[in-house]
Protein chains: 2
Amino acid sequence: MLDKSHKHVSCETCGARKSSLFGSFCDHEISHVDEQKSCAYYKKGQPIFIEGSFPRGVFCLNQGKVKIFTRGDEGKEQIIHIAKEGEIIGFRAMFSGEPYKVAASTLEECNICFIGKEDFLNMIDTNPTLRNGIMKELSKELGDRAIFITNMAQKSVRERLAFALLILGDIYGDEQINLTREDMANFVGTATETLIRLLKDFKDEGMIEIHTRKLEIIDADKLMQLAGR
Amino acid sequence: MLDKSHKHVSCETCGARKSSLFGSFCDHEISHVDEQKSCAYYKKGQPIFIEGSFPRGVFCLNQGKVKIFTRGDEGKEQIIHIAKEGEIIGFRAMFSGEPYKVAASTLEECNICFIGKEDFLNMIDTNPTLRNGIMKELSKELGDRAIFITNMAQKSVRERLAFALLILGDIYGDEQINLTREDMANFVGTATETLIRLLKDFKDEGMIEIHTRKLEIIDADKLMQLAGR
DNA sequence: TAAAAAAAATGATATTTATCATCTTTGAAA
DNA sequence: TTTCAAAGATGATAAATATCATTTTTTTTA
């Protein structure tokens, strides 16, 4: 359980920073970020921002995992992305001038810092490295989503699940994958029942281990072969 | 038929410019762009760039329509976007440093200008208005693709077709929608046969008119209701 | 720790949509 | 114009996946 009292995480000592867009910042740039930001503890399942509202700044994930999702016509979630430690969340709507088209909520306990819109846009304008990092990130995600769309259109649920498990494996790193079946189904884009049946098949075929709700990848090669390119 | 000899379209007189990212450029900025660019005629079905290659610059669409697509495992196309006059194509890979994840080819005869990578990146660095326009565009598309993914996951083919027809209606403006059934199916993410059957249903229900290969939207309201939000 | 709620699992069935085979029409090129 | 290839259309069938109903297990909270 995270320390809830630890409200002021420091950027200087933030373990997630080196792998983030702020990774290349020099000491004085980092202390500037540190001054601008505030930090808060979020409990599991807590919303960070919702679809349709206007952004007041960006969120920087110090600890924990966050789902980014949209809702379809009947309110059903489609998970677009799962953010991990070090990621900056919600900067898309910062530039588009539109309200959020996606929502974000925590998948577990999180420490999340906040940088106000003005401060952040100012950083972008004055810091070419950060700016280029952001543009690179936006572009990379755009490419990823093109592939996501293609997968949805052309791969079977089984293939998409293999693909999703590999992505989740990357996100969770050493830890075991830890999502509800419903969230996982909403990431793959299928019915929860279908997902559960397929997980069982994958287990029987030796590709994964199921530890109640947590999943462990056993045979990544086999999953890759199934997932296709 | 376009004038193939007219190789040097001028930015100053480009009809598509006002609605483009260069729309707010002043005279001297525009003449600078004009000097940097080259222009070429493309015939129908001609590739502009292919998946996996590295970008050498960006393309600016003066006349015609272009499909942006990826290919799935078996080489089947998934159309991600259809670009029209005034759009800048291929700037994603410019920033990501990765090779193109999508390919582009013309859907009809086109005049397309080209701006080299160095020149374009230089413009971005020195022109905050252009830069902000690009970031806004990247962000907007990112949001659109989140919705695209959700539609693929949650809407029926019938609903997606209604959605696609509305988008195509916007793109083609006064003209009638003019795509092969296969391209349309690859945009909606369905089999060609299924698309053909649904088009017939839509015609019978008074939502569209079919003029051989061209389509005309008759009842946009009904399509919107079907498409959902 | 017991009770309640939420999540996971399973079975039966319905529905949607893809696939395959075939035929017709249209448009381009000889 | 005739010919030929590509695109469009149609019917029959198969496969994949969703939905609904119900039960079991796990987790949360009183």
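Note that the structure is predicted; figures quoted are calculated from it, not measured. Throughout, protein chains are lettered first and strands after them, A, B, ... in sequence-line order, and every chain is numbered starting at 1.
- Rounded to whole Å, atom P of dG8(D) lies 15 Å from atom NZ of Lys203(B).
- With a 6.0 Å radius and a threshold of 12 heavy atoms from other residues, nucleotides or ligands, Lys136(B) has its NZ atom at or below the threshold.
- Rounded to an integer number of Å, the gap from CG of Asp201(A) to P of dT10(C) is 11 Å.
- At least one side-chain heavy atom of Tyr41(A) sits under 4.5 Å from a side-chain heavy atom of Asn111(A).
- Between the CG atom of Leu199(B) and the P atom of dT17(C) there is a distance of 14 Å, rounded to whole Å.
- Using a cutoff of 4.0 Å between basic side-chain nitrogens and carboxylate oxygens, Arg197(A) and Glu193(A) are not scored as salt-bridged.
- The CG-C1' distance, from Asn178(B) to dA7(D), rounds to 13 Å in whole Å.
- Each of Arg158(A), Lys200(A), Lys222(A) was scored for a salt bridge (charged side-chain N to carboxylate O under 4.0 Å, His left out) with Glu205(A), with one residue passing: Arg158(A).
- The closest side-chain donor-acceptor pair between Glu12(B) and Ser10(B) falls under 3.5 angstrom.
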The contact string for nucleotides 10-17 of chain D, one letter per nucleotide 5' to 3', using protein heavy atoms under 4.0 Å with B, S and - for base, sugar-phosphate only and none, comes out as BBB----S
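- With respect to Lys44(B) and Glu109(B), no salt bridge is recorded, no charged nitrogen being found less than 4.0 Å from a carboxylate O.
- Near DNA chain D, defined here as any heavy-atom distance below 4.0 Å, the residues from residues 205-214 of chain A are Thr212(A), listed numerically.
- A 6.0 Å sphere centred on CD of Glu182(B) holds no more than 12 heavy atoms belonging to other residues, nucleotides or ligands.
- A side-chain N or O of His81(B) and one of Glu87(B) form a donor-acceptor pair less than 3.5 Å apart.
- Following rounding to the nearest Å, Lys43(A) (NZ) and dT28(D) (C1') show an atom-to-atom distance of 14 Å.
- Going from atom CG of Leu195(A) over to atom C1' of dA9(C) covers 12 Å, rounded to whole Å.
- Arg181(B) places its CZ atom 14 Å from the C1' atom of dT24(C), with the value rounded to the nearest Å.
- Taking the six-membered ring where the residue is Trp, Phe148(B) and Phe187(B) present perpendicular rings, their angle passing 60° and hence far from 30°.
- Both Lys44(B) and Glu182(A) sit near DNA chain C, but only Glu182(A) has its closest nucleotide nearer the 5' end.
- If you take CD of Glu159(B) and P of dT15(C), they are 16 Å apart, rounded to a whole angstrom.
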